[in-house]
Each structure stands twice: as C-alpha cells, then as structure tokens.
Number of protein chains: 2
Amino acid sequence: MQTSTRERIVVATARLLQRQGYVGTGIKQIAKESQATLGSIYHFFPGGKEAVAVAAIRHGDQEFAALLKESLDSEPDPAEAVLSCTRELAAGLKESGWVDGCPVTAAALETLGVESDLQQACADALNGWERLVRDKLLGCGFAADDARELATTVISAIEGAEVTAQVNRSEEPLLAVGRQLARLIRSYGIDPPRR
Amino acid sequence: MQTSTRERIVVATARLLQRQGYVGTGIKQIAKESQATLGSIYHFFPGGKEAVAVAAIRHGDQEFAALLKESLDSEPDPAEAVLSCTRELAAGLKESGWVDGCPVTAAALETLGVESDLQQACADALNGWERLVRDKLLGCGFAADDARELATTVISAIEGAEVTAQVNRSEEPLLAVGRQLARLIRSYGIDPPRR
DNA sequence: TCCCGACTAGAACGAACGCTCTATCTAGTG
DNA sequence: CACTAGATAGAGCGTTCGTTCTAGTCGGGA
C-alpha cells in the first residue's frame with residue numbers, strides 16, 4: 001500500500017470539508033471516499049468526527065501555505081507575487097469545476113459559535129497565511145504597520161474573491177481582485193528588490 | 001399579532017442560516033426559534049426546507065443591501081463611504097459576539113456543488129451588493145472598467161474580512177481592510193464630488 | 001346556522017446521523 | 001508455533017433529520 005490508511009482518511013476528509021463543510025460531511029461518507037472503514041477511522045482518530053476534521057483542516061492549511069509560499073517566492077516584487085497567486089488559485093478553482101475552494105472557510109463558518117479545536121485550527125491556518133504575506137512584505141522594505149494591514153487585506157480579499165468566484169463560476173473575481181491588490185501594494189511606492 | 005407567522009419564520013431562519021449554515025440548521029429548530037410549528041412552516045413553504053432557506057437568504061440580502069446603501073449614501077466620497085461601511089459592520093459583528101456574519105456566505109459555500117434555487121439566491125445577493133458599489137463609483141466619475149473591478153474587490157474584501165474578523169474575534173481585520181480599500185479607491189485620484 | 005378556506009398543532013415515518021461494540025485479520029516477537 | 005498489539009470490518013445502538021399526515025381551531029360569508 002503506497003499511502004497509509006490514516007493519510008487517505010485525512011486527505012479525503014480535507015477535500016470533503018472544503019466542498020461541503022463540516023456538518024455536511026458524514027463519517028460514513030469519509031469512510032467510503034477514503035476506502036477505509038468505520039473501525040479504521042475510530043482506530044486512528046479516537047476523538048471521532050471532530051478529530052478527523054481537525055487533522056484534515058491542518059492538512060489543508062499546510063497545502064495552501066505551500067502554494068502561497070511558492071507564489072511569494074517565485075516573484076521578488078510582492079505585487080507580482082500576489083498577482084501570480086490569484087492567477088494560480090483561479091486556474092485551480094476552474095479546473096475543479098468551482099467546488100474546491102478555500103479549505104477552511106466553510107468549516108470555520110459553521111463552528112463559530114462553539115469553542116472547539118476545529119475552530120482553533122481554522123484560525124491558526126488563516127493567521128499563518130497572513131504571516132507568510134507579512135514576512136514577504138517586511139522583506140521588501142515595508143514598514144511594520146503597513147505590512148500587517150496589507151497582509152490582512154491580501155488574505156481577506158483573496159478569501160472573499162474565492163467565494164465570489166465560486167458562486168459566479170468565473171475566474172474574473174479572483175483575477176480582478178489580484179490586479180487591484182497589486183495596485184494597492186504598488187501605491188506604497190516601495191521599489192521591489194532586485195534579485 | 002404584530003408580526004405574521006410567515007415573517008417570523010423567515011427572520012428566524014435568516015439568523016440561524018448566518019450563524020450555522022444551511023445543513024446545520026434544522027427545520028425543527030426553525031420552528032422552535034420562530035415560535036411556529038412544523039405545520040405552519042410547511043403551510044407557508046410547501047417547498048420545504050430549501051424554500052424557507054431561499055426566502056431567508058433573500059431577506060438577509062435585502063437587509064444587508066439596505067445597510068450598504070445607507071453607508072454609501074451617507075458619504076459623498078466613496079473612500080469614506082467604504083470606511084464607514086466597514087466600521088458599521090465591525091461594530092455589529094462585535095455586538096453579536098462574532099456570530100452574526102455575512103448572511104449568505106455560509107449557505108453559499110455549502111450548496112456550491114448542486115444547482116439550486118438557494119445557490120442562485122446567494123449569487124443574486126452578492127451581485128446585487130457589487131452593483132450598489134459599482135453605481136456609487138460610476139456616479140463619482142470612475143471609468144466603467146475601474147468601477148467594476150473596484151466593486152468586485154470591495155465586496156470580496158469585505159466578505160473575507162468579515163470571516164477573518166469572526167475567526168479571530170476582533171474588529172481589527174475589518175477596520176484594516178476598510179482603511180486599505182479607502183487607500184486603493186483614492187489611488188485613482190478622482191476628486192470626490194462635493195455635496 | 002353551516003361551512004369552508006386559512007392556519008395551527010404535533011404524532012409518526014423512513015432515512016441518515018455519530019458512535020459503540022464485537023469479531024476477524026495481519027505482522028512481528030518470543 | 002503460539003501469542004499479542006495494531007488494524008480492519010461492519011452490524012446495530014439511540015438520536016435526529018426532513019417530510020407527510022391527520023386532526024383541530026378559528027373567523028367570516030352564505
């Protein structure tokens with residue numbers, strides 16, 4: 001067996017969570033989709049459904065962080081980097097038939113009322129992504145306050161643009177937001193570092 | 001009876017939807033919360049749960065559109081108008097204990113896979129809000145293309161900022177995004193119309 | 001007075017939910 | 001070979017889901 005049963009469960013759950021949320025995803029559906037059985041799931045995750053979801057959210061977190069980091073590292077100019085990131089997200093979203101959106105938003109919104117590990121995992125993911133953007137901006141010479149506000153704006157706007165793109169089944173919202181974010185970053189008039 | 005049973009059902013459902021999404025909200029919970037009975041709900045909404053949800057989404061749509069329109073009309077300068085809007089949203093979010101977020105996002109994300117009236121209602125809401133912003137910008141002398149892209153960005157960013165604010169239980173993301181959006185709008189260098 | 005449509009009320013149904021339980025299989029160790 | 005911990009397998013538990021159904025209440029026109 002190439003991939004462990006545990007890993008198959010986590011990956012399948014991550015995909016299901018981003019498509020139909022936490023409440024909409026059943027343990028038995030996870031079992032079927034991951035080619036595992038109920039016994040296996042409860043063996044690896046004695047915490048039940050929520051424990052599986054937490055692991056899946058963390059998986060989606062790392063996956064998106066890797067994509068984001070790759071985009072940010074590929075371009076020295078932060079404005080270009082954000083553009084490249086939105087382009088990549090738009091392409092991926094279209095390819096999935098507009099269903100594979102942000103891996104944490106759906107789950108996060110459903111578990112807001114209750115204090116849970118799941119909610120914490122979602123918050124950690126969002127804040128981690130924001131930190132990646134902030135560090136990039138700091139490395140390009142932005143002031144600390146500007147970098148922080150811009151990072152929050154970039155992540156929030158991308159988050160919202162992904163939802164808008166999904167609902168309208170169109171790449172345009174993501175691309176338009178990418179262009180405007182690039183303009184906003186450039187408006188600070190900081191020269192991009194040359195390689 | 002001051003408010004009709006039908007209205008109570010719609011209002012209660014709208015609040016439940018924005019807090020816990022579509023799948024997470026049960027018909028019986030709607031009945032309890034709205035002081036109605038199952039019979040009443042199915043009497044007014046023969047289409048069942050989805051029909052109730054569609055009416056509730058449309059209600060939330062109009063409610064938010066009214067708030068948005070009020071913010072936009074209160075300030076002649078579009079940048080100031082967006083700032084005022086994010087401030088108002090931040091205050092409302094905090095007051096609700098970070099649970100009453102965007103009325104359609106949660107429901108929209110859960111019903112992406114299937115072609116449904118509910119999904120259409122969510123798309124209509126988002127596009128309607130975007131149009132409000134676009135018309136404001138057009139009225140201020142923005143070029144058609146700029147107004148369209150900016151409107152998409154404003155709505156998407158606010159949408160995402162609201163999620164970020166909820167997850168972090170903080171007003172700051174909404175306020176920061178508001179400031180950056182104002183800066184972006186001003187970067188076009190178009191003089192705000194004087195009253 | 002009767003009646004009828006609008007509305008209220010909640011018992012009951014089959015399906016699906018998360019989870020527990022026992023049983024079986026498998027790989028590694030003595 | 002026997003033994004055991006790890007992993008797999010799924011029947012079945014109690015509960016809740018959305019929906020259907022029958023029964024009852026009530027005000028106003030014939």
Side-chain angles (χ1 to χ4, degrees), chain A residues 1-57 106-107 109-111 113-119 121, chain B residues 1-57 106-107 109-111 113-119 121:
Chain A
M1 192 183 313
Q2 298 137 328
T3 61
S4 70
T5 301
R6 192 197 145 95
E7 194 181 339
R8 284 204 319 275
I9 294 172
V10 171
V11 172
T13 307
R15 200 179 55 237
L16 290 172
L17 280 187
Q18 85 181 149
R19 292 189 183 185
Q20 42 190 26
Y22 179 67
V23 212
T25 301
I27 281 272
K28 283 167 187 172
Q29 188 183 11
I30 293 174
K32 186 181 294 181
E33 209 75 20
S34 62
Q35 310 259 54
T37 61
L38 272 181
S40 302
I41 295 179
Y42 280 93
H43 170 75
F44 288 111
F45 301 95
K49 182 182 176 178
E50 187 181 331
V52 182
V54 169
I57 290 291
L109 282 177
E110 288 175 316
T111 57
V114 288
E115 193 85 17
S116 65
D117 293 347
L118 186 54
Q119 208 252 329
Chain B
M1 189 185 314
Q2 295 139 330
T3 62
S4 69
T5 301
R6 192 197 146 97
E7 194 181 339
R8 285 205 319 275
I9 294 171
V10 171
V11 172
T13 306
R15 201 179 55 237
L16 290 172
L17 280 187
Q18 85 181 146
R19 292 189 182 185
Q20 42 191 26
Y22 179 68
V23 218
T25 301
I27 282 271
K28 284 164 187 172
Q29 188 184 11
I30 293 174
K32 185 181 295 180
E33 208 76 20
S34 63
Q35 310 260 53
T37 61
L38 276 179
S40 303
I41 295 179
Y42 279 94
H43 170 74
F44 288 111
F45 301 96
K49 182 181 177 179
E50 187 181 331
V52 181
V54 168
I57 290 290
L109 283 177
E110 290 175 316
T111 57
V114 288
E115 193 87 20
S116 65
D117 293 346
L118 186 55
Q119 208 254 329

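Chain letters run A, B, ... following the sequence lines, proteins first, then strands; residues in each count from 1. None of the values given here were measured: they were computed from a predicted structure.
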Note: contacts of residues 35-44 of chain A with DNA chain C (heavy atom, under 4.0 Å) are A:L38, A:Y42
So, with a heavy-atom separation below 4.0 Å from DNA chain C, the residues of residues 20-34 of chain B are none
Rounded to the nearest 0.5 angstrom, the CZ-CD1 distance for B:F45 and B:I27 is 9.5 Å
CZ of B:R15 to OG of B:S34, rounded to nearest 0.5 Å, is 9.5 Å
Rounded to the nearest 0.5 angstrom, the CD-CD1 distance for B:Q35 and B:I30 is 14.0 Å
Output for pair (A:H43 NE2, A:T37 OG1), nearest 0.5 Å, gives 10.5 Å
Taken to the nearest 0.5 Å, the spacing of A:L118 CG from A:T111 OG1 works out to 4.5 Å
* Asked: Are the side chain of B:E33 and the backbone N or O of B:A12 linked by a donor-acceptor pair below 3.5 Å?
  -> no
| query | Would you find a donor on one side and an acceptor on the other, under 3.5 Å apart, between the side chain of B:K28 and the backbone of B:L38? | reply | no
Do any side-chain nitrogens or oxygens of B:T5 fall under 4.0 Å of OP1 or OP2 in C:dT8?
yes
Smallest heavy-atom separation, B:S40 atom then B:T5 atom, equals CB-CG2, 4.2 Å
So CD of A:Q18 and CD1 of A:I57: to nearest 0.5 Å the spacing works out to 9.0 Å
Per the under-4.0 Å heavy-atom filter, residues of residues 48-56 of chain B near DNA chain C come out as none
Tightest non-hydrogen contact, residues B:Y22 and B:K49, listed as O-NZ, 3.0 Å
